[in-house]
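Worksheet for the structure shown next.
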Amino acid sequence: GSYEGVSKTYAISAGREVRVIVEPQHIKDADLKDLAINIAEEIQGNVAYPGKIKVNIIRRTKNVDYAK
């Protein structure tokens, strides 16, 4: 599916992990758990696989300032 605020997704570890990079200006920290649950449920409903697939949501922010 398509999720608002998701910028990139990667399947790693032979498909055992999905990494989802989100845009911090569109997704709040409080929304990360629900997003992970929704993606995991979508995978569960649409993909046949043995074992577990880990859904890892990454939201990175960075702030820079300079002392003059």
Side-chain angles (χ1 to χ4, degrees):
S2 180
Y3 295 93
E4 190 175 334
V6 171
S7 61
K8 293 181 185 174
T9 58
Y10 303 95
I12 60 171
S13 300
R16 298 281 184 205
E17 181 178 347
V18 175
R19 285 195 183 160
V20 180
I21 313 296
V22 298
E23 299 168 355
Q25 63 271 30
H26 291 110
I27 304 278
K28 305 265 187 260
D29 279 345
D31 300 328
L32 297 181
K33 184 174 183 177
D34 287 339
L35 180 60
I37 290 168
N38 291 340
I39 292 172
E41 286 175 350
E42 183 174 349
I43 291 169
Q44 202 168 323
N46 296 318
V47 180
Y49 57 91
K52 296 180 183 177
I53 297 176
K54 178 180 180 181
V55 177
N56 193 355
I57 311 292
I58 300 169
R59 179 183 184 269
R60 262 189 209 153
T61 58
K62 181 177 178 180
N63 295 297
V64 177
D65 201 351
Y66 296 92
K68 299 174 189 145

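Heavy-atom basis, side chains included; hydrogens, waters and symmetry copies ignored.
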query: Do you know the tightest heavy-atom contact between Y3 and N38?
result: OH-O, 3.5 Å

task: Kindly compute the distance separating CG (D31) from NE2 (H26), expressed to the nearest 0.5 Å.
output: 12.5 Å

Which pairs of donor and acceptor atoms, one on a side chain in residues 51-60, lie under 3.5 Å apart (sequence neighbours left out)?
from, atom 1, to, atom 2, distance (Å)
N56, ND2, E17, OE2, 3.2
R59, NE, I27, O, 2.5
R59, NH1, D29, OD1, 3.1
R59, NH2, P24, O, 2.9
R59, NH2, I27, O, 3.4

query: In chain order, what residues pass the side chain to side chain contact (heavy atoms under 4.5 Å, CB included) check against K8, with sequence neighbours excluded?
result: Y10, I21

message: Using the rule that Ile, Leu, Val, Met, Phe, Trp and Tyr join whenever any side-chain heavy atoms are under 4.5 Å apart, tell me whether V47 and V20 fall into a single cluster.
response: yes

message: Looking at E4, I'd like to know if its CD atom is crowded, meaning that more than 12 non-hydrogen atoms belonging to other residues, nucleotides or ligands lie closer than 6.0 Å.
response: no

